[in-house]
Trainee: 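The following block contains the structure, expressed as structure tokens.
Not measured: the values here are computed from a predicted model.
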Amino acid sequence: MKYKEYKYKINGTVYKVGIGDIDHGIAEVLVNGTPYQVEIEQKAAPVAVSAPKPAAAPRTATGEKVVAAPAPKASGAGKAVVAPLPGTVLDINVTVGQEVKAADTVMILEAMKMENTIRAGVDGKVLSINVAKGDAVADGATLLTIG
């Protein structure tokens, strides 16, 4: 008899299960090499499983996507702190006008299910914050400006 084989892990123990012919509600089953005849009470209808649809990108009230695109480089108006990769702003640790040191953490960005610390990079004062907590940002998007 030919068995369709599966491996199941139950409470840390691995079981090799082979399912053979099913005849008149009785299934031939091998569990770790031991044969069993399993009575099936009623025939279950096949269940179609479909993958969940991806969520639509968030949009503003006007219908625009909520993704900060890379901003043009500022000319002499301070240093732009940019997103090193696309992600979501989890936390903003500074306010406009706050003095920061180069090693200060100014923002936390989540990307690929990991939290990324964004540091100031230069000493100075926060001139502007271009994103809000929860915003999705593109690679290279200006997060804030330090002057």
Side-chain angles (χ1 to χ4, degrees), residues 2-22 25 27-33 36 38-147:
K2 188 169 183 165
Y3 291 91
K4 198 167 195 178
E5 294 193 17
Y6 302 91
K7 283 187 180 179
Y8 294 99
K9 190 173 191 178
I10 301 171
N11 294 331
T13 303
V14 176
Y15 295 91
K16 285 185 178 178
V17 177
I19 300 176
D21 293 335
I22 301 173
E28 296 290 329
V29 178
L30 282 177
V31 179
N32 289 340
Y36 295 93
V38 178
E39 185 177 339
I40 300 172
E41 288 187 10
Q42 68 181 25
K43 199 171 194 178
V47 177
V49 178
S50 61
K53 292 181 182 177
R59 297 194 180 266
T60 64
T62 61
E64 297 172 16
K65 291 182 180 177
V66 182
V67 175
K73 301 290 181 199
S75 56
K79 181 202 181 284
V81 177
V82 298
L85 64 168
T88 303
V89 177
L90 284 185
D91 201 9
I92 300 173
N93 300 355
V94 294
T95 58
V96 173
Q98 180 177 339
E99 291 288 332
V100 294
K101 298 288 184 192
D104 289 351
T105 298
V106 294
M107 203 168 289
I108 304 293
L109 185 70
E110 179 187 36
M112 298 182 291
K113 303 209 184 260
M114 293 184 64
E115 291 185 11
N116 297 277
T117 302
I118 308 300
R119 301 202 189 280
V122 294
D123 293 349
K125 185 193 294 188
V126 177
L127 300 176
S128 67
I129 299 175
N130 301 30
V131 294
K133 190 173 178 178
D135 282 358
V137 295
D139 180 20
T142 300
L143 303 173
L144 55 93
T145 308
I146 298 174

Trainee: Which side-chain N or O atoms in residues 111-118 pair as donor and acceptor under 3.5 Å with protein atoms at least two apart or in another chain?
Mentor:
| from | atom 1 | to | atom 2 | distance (Å) |
| --- | --- | --- | --- | --- |
| N116 | ND2 | L109 | O | 3.2 |
| N116 | ND2 | M114 | O | 3.2 |

Trainee: Identify every side-chain donor-acceptor pair in residues 78-99 under 3.5 Å, counting partners at least two apart or on other chains, and give the distances.
Mentor:
| from | atom 1 | to | atom 2 | distance (Å) |
| --- | --- | --- | --- | --- |
| Q98 | OE1 | T95 | N | 3.0 |

Trainee: Could you work out, with side-chain contact (heavy atoms from CB on, under 4.5 Å) as the rule, every residue matching E28, not counting sequence neighbours?
Mentor: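 Counting only residues at least two positions away or on another chain, E28 forms a side-chain contact (heavy atoms from CB on, under 4.5 Å) with M1, Y3, Q37.
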
Trainee: Output all residues satisfying side-chain contact (heavy atoms from CB on, under 4.5 Å) with K7, sequence neighbours left out; order by chain, then residue number.
Mentor: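 Listed in chain order: K16.
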
Trainee: L143 pairs by side chain to side chain contact (heavy atoms under 4.5 Å, CB included) with which of I129, D135, V137?
Mentor: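 It is V137; the other options fail the test.
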
Trainee: Quick one: pull up CG in L144 and CG in N130 and give me the separation to the nearest 0.5 Å.
Mentor: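 The CG atom of N130 is 7.0 Å from CG of L144, to the nearest 0.5 Å.
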
Trainee: If I compare all heavy atoms of R119 with all of V106, which pair ends up nearest, and what's the gap?
Mentor: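 Scanning both residues, the minimum pair turns out to be C-CG2, 4.0 Å.
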
